[in-house]
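A quick write-up on the structure given underneath.
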Amino acid sequence: MKQENFAKGRLGEDMARKYLEKKGYVFVEANHRNYLGEIDLIMIKKQVLNDEIIFVEVKLKIGDDFGSPEEMLSNGKLARVQRIAEAFLVLNKNKFLNFNTRIEAICIVLNADKSISRITHYDQF
Amino acid sequence: MLAKVTTVAYSGLKGQEVEVEVNIAEKGFPGFSIVGMSGKSGEEAKERIKTALLNSDVEFPNQKITVNLAPADLDKEGSMYDLPIAIGLLFAMGLVTFPKETCLFYGELSLEGTLRHTKGVFLAGLFAKEHKILKIFVPRLSANEACVLEGIQVYPVDSLKSIIRHLNGEKTIEALRNIETENLLIEQQPDFDLSEVMGQEHAKRALEIAASGGHNLLMMGPPGSGKTLLSRCLPGILPELSEKESLEVTKIYSITGNIPPGGSLVRIRPFRSPHHTTSQVGLIGGGSNLRPGEVSLAHRGVLFIDELPELSRSCLEALRQPIEDGQVSISRANGHVTFPAQFMLIAAANPCPCGYLGDPTRECKCSLMQISRYQKKLSGPILDRIDLHLSVPAVDVKKLMESSGQNGEVSMEVRSRVKQARNIQTKRFENSKLNSNSDMRNRDIKVFCKMEQDATNLLQQAVVKYALSARTYFRLIKVSRTIADLEGAENILLKHVAEALQYRVRSE
């Protein structure tokens, strides 16, 4: 079961990465892990003035029998992502100076046969 | 899209307009948040509204929903914001067309999508009337409360489904017709009748006087002498509530949720008998959201305290202000409110811990020390505020067994005399704010209580001999006035003062 969940998570993160790269985001790191926890995806979005470094939380669900992925993203989870992100910036002090930071979420729902039902990208909280 | 719906919040007994703003954002992470000091009940309202909408065949929007209850600095306790929030949501989703004129929505939702009996509907109606809001939508079970008010249209709502259909003009809800208040204020058969009490004629007479003038009464006697039974008969001999009084009482009962589903005006005079372990907040009122206490629930009625000396010291002393002023002002960190508290205090007590002090047949087993400690619990200031002191001796059980069935007057007869006395008082106080003799202040006494010369002489003698306080002096005059009213006498005569004195001066 645990192995299965792990594989599902990887699958979601790959899908999200491809989706965002199509939108013009640049990949930095996946499954960044520090002493506070893990961030699914870290991407960079080029802007005219300051580039943005974006921390992405990916949620994947197969079928909607147990609710939507949005419902699984609580305020507590967001706060955790924020803390990990801050730690990430401190650990990489010099690399991301003058970057704006943001947290985004990608919610993916799959059908039973693993085909994509929907991908929703939330760039505003 | 943004929607605005009007509802009402309370501070004390006054309504205040609350605007419920509901915004469904196009962008942003889906969620449902309620802001504006709604407390714990606001958090719970989310779940109720979500489920109620789902069960009313409305798909809950998977978007960022923000609800604001304005003004945001006002504490909003209670479940009555469910309906306005749900309506605001439906409006913001574009599922209902909103009426052009301002409407007031009020009520708690069940998970099923139906509306529950909600407290405070009467005050919501009153608020709407004052602010010229014509239409109010309230739960059907509580709608009768608001129906007694003229000038507003009350729409009883069964469920979310029915209100959606109504607002869209598919199937209208009929506004309830006004209930005539006069029809409601009919005489009712009392639960306890005075004729059930054997003997105790002088106690019945004292009850009659207390009821006629709204005087406070303390009954002292051994256990089983009928103190509790006598006091339970009191509501039966009190005149029925006038329309004005009934509205005042209904306000308090509505806000505390004491009106049963489907009920409208409070018709019977309140009779409250809090247990003697009551806390001070329970008795006087207060708490974090400033609720009325037992003294306010007994407004225009009777507050009966059995075993008065057992009441905690702080409660007893806290009773002083409401007895004297007829209202309680409660000041707390989060606000200041004044509740009306014009009640008759009827108290019962045993003369000593074992109860048989002065009883002819049984021996008192208490030591002098015990007796004095017991009686010391009733402080002078409290006793001073009680007009009628009555000793209720035990009834001979043999006599009880011999006499069969009815004896003495029935409550209805006594009530008719009480009503006559009250009518005289109503006429007397026509141009003042007073209601009964006990409400008179010292200055009113000079105006309304003309005494014969020999009556004045007797009173002066009594004051000197028994060292009565100034307050007692004035209270004696008030009781005499009531006794005179019961006889229909214009001036206070000697015999009236003499009778009043025997309820005051304790023979020990």
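Below, chain A is the first sequence line, B the second, and so on; all start at residue 1. Worth knowing before you read on, the calculation uses all heavy atoms, side chains too, and leaves out hydrogens, waters and symmetry mates.
Other residues, nucleotides and ligands contribute at most 12 non-hydrogen atoms within 6.0 Å of the CZ atom of R291(B). Residue E174(B) qualifies as open at atom CD: its count of foreign heavy atoms under 6.0 Å is 12 or below. More than 12 heavy atoms of other shown residues, nucleotides or ligands fall within 6.0 angstrom of atom NZ in K61(A). The number of heavy atoms from other shown groups lying within 6.0 Å of NZ (K18(A)) does not exceed 12. More than 12 heavy atoms of other residues, nucleotides or ligands lie within 6.0 Å of NZ in K46(B), so this atom counts as buried by the packing criterion. In this structure, E59(B) places its CD atom where only 12 or fewer heavy-atom neighbours from other residues, nucleotides or ligands lie under 6.0 Å away. Under a cut-off of 6.0 angstrom, the local environment of CD in E112(B) is sparse, with at most 12 non-hydrogen atoms contributed by other residues, nucleotides or ligands.
The contact list for residues 100-110 of chain A toward chain B, using heavy atoms and a distance under 4.5 Å, reads A105(A), C107(A) by residue number. The interface of residues 10-32 of chain B with chain A, defined by heavy-atom distances below 4.5 Å, comprises K27(B), G28(B), F29(B), P30(B). Close approach to chain A, defined as a heavy atom under 4.5 Å from one of its heavy atoms, is seen in no residue of residues 65-104 of chain B.
At a 4.5 Å heavy-atom cutoff, the contact between L73(A) and chain B is made by backbone and side-chain atoms alike.
Residues meeting the salt bridge (Lys or Arg N to Asp or Glu O under 4.0 Å) test with E21(A), sequence neighbours left out: R17(A).
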